[in-house]
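Please read all numbers here as calculations on a predicted model, not as lab measurements. The first residue in the sequence is number 1, and the count goes up from there. Numbering of ligands and ligand atoms starts at 1, following listing order. Values reported hereafter were calculated over all heavy atoms of this structure, with side chains retained and with hydrogens, waters and symmetry mates removed.
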Amino acid sequence: MSDCLFCKIAAGEIPSTCVYSDDDVFAFRDINPQAPTHILVIPRQHIACADEITAENSALVAKCFEAIAKIARQEGLTGGYRVINNCGEDGGQTVCHLHFHILGGKKLSERMI
Ligand code: 5GP
Ligand code: ZN
């Protein structure tokens, strides 16, 4: 997607602080961190939101979660962390490229569930 912010970040066209990268997954620090560690994990392939996950692309979601486990170890999140996906307008999604927030580095208090 030529006009997608996160596609451009994954392609290196817009700078970011990369913490993990492989052929399928890119991860970088959130520009507006909500916790001491706040990382966004995205598939390089453009998938707009969780609602667009299908049998054809779900392997990329699994790859994102494999990366999440690696990143958590790399970041020293030994006490745990939270993974969040916002989907669509009601879910609070503001960037329409599937992404998973990793939040950690402190005891997280606010919770919805
Ligand atoms: P959403 O609200 O869609 O779940 O999350 C989007 C996230 O992207 C927000 O936490 C926001 O701070 C982050 N973000 C938006 N623009 C940029 C950017 O240009 N660079 C980085 N690193 N993060 C961004
Ligand atoms: Zn995209």
Quick one: does [X] get a heavy atom under 4.0 Å from ligand 1?
{"X": "N85", "value": "no"}
{"X": "Q34", "value": "no"}
{"X": "G92", "value": "yes"}

What protein heavy atom lies closest to [atom]? Include the residue and the distance to one decimal.
{"atom": "atom 9 (C) of ligand 1", "answer": "D30 OD2, 3.3 Å"}
{"atom": "atom 2 (O) of ligand 1", "answer": "T94 OG1, 2.9 Å"}
{"atom": "atom 22 (N) of ligand 1", "answer": "R29 O, 2.9 Å"}

Going by the order shown, which atoms of ligand 1 are within less than 4.0 Å of some heavy atom of [X]?
{"X": "H101", "answer": "1 (P), 4 (O), 5 (O), 7 (C), 10 (O)"}
{"X": "Q93", "answer": "3 (O)"}
{"X": "N32", "answer": "12 (O)"}
{"X": "F6", "answer": "8 (O)"}
{"X": "F28", "answer": "21 (C), 22 (N)"}

Tell me if the centroids of the rings in F65 and F100 come within less than 6.0 Å of each other.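 Distance test on ring centres: under 6.0 Å, yes.
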Mind checking side-chain contact (heavy atoms from CB on, under 4.5 Å) for T78 and listing every partner two or more places apart, or none if nothing turns up? none
So, 2.8 Å as the limit: is an N/O/S atom of C7 located closer than that to the Zn ion (ligand 2)?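 Short answer: yes, at least one N, O or S atom is under the cut-off.
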Under a 4.0 Å heavy-atom limit, does [X] contact ligand 1 with its side chain, its backbone, both, or neither?
{"X": "I14", "result": "neither"}
{"X": "F100", "result": "neither"}
{"X": "L5", "result": "side chain"}

Output yes when a side-chain donor or acceptor of [X] lies under 3.5 Å from a complementary backbone atom of [Y], and no otherwise.
{"X": "H101", "Y": "H99", "answer": "no"}
{"X": "Q93", "Y": "A50", "answer": "no"}
{"X": "Q74", "Y": "Y20", "answer": "no"}

Rounded to 10°, how big is the angle at the Zn ion (ligand 2) from H97 ND1 to H46 ND1? 110°
For the residue pair V25 and A67, what are the closest heavy atoms and their distance?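 In this case the closest contact between V25 and A67 is CG1-CB, 3.8 Å.
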Atom of S58, atom of I53 and distance for their closest heavy-atom approach: CB-CG2, 3.9 Å
Output the rest of the hydrophobic cluster of L108: all Ile, Leu, Val, Met, Phe, Trp and Tyr residues reachable through side-chain heavy-atom contacts under 4.5 Å, sorted by chain and number. I84, L103
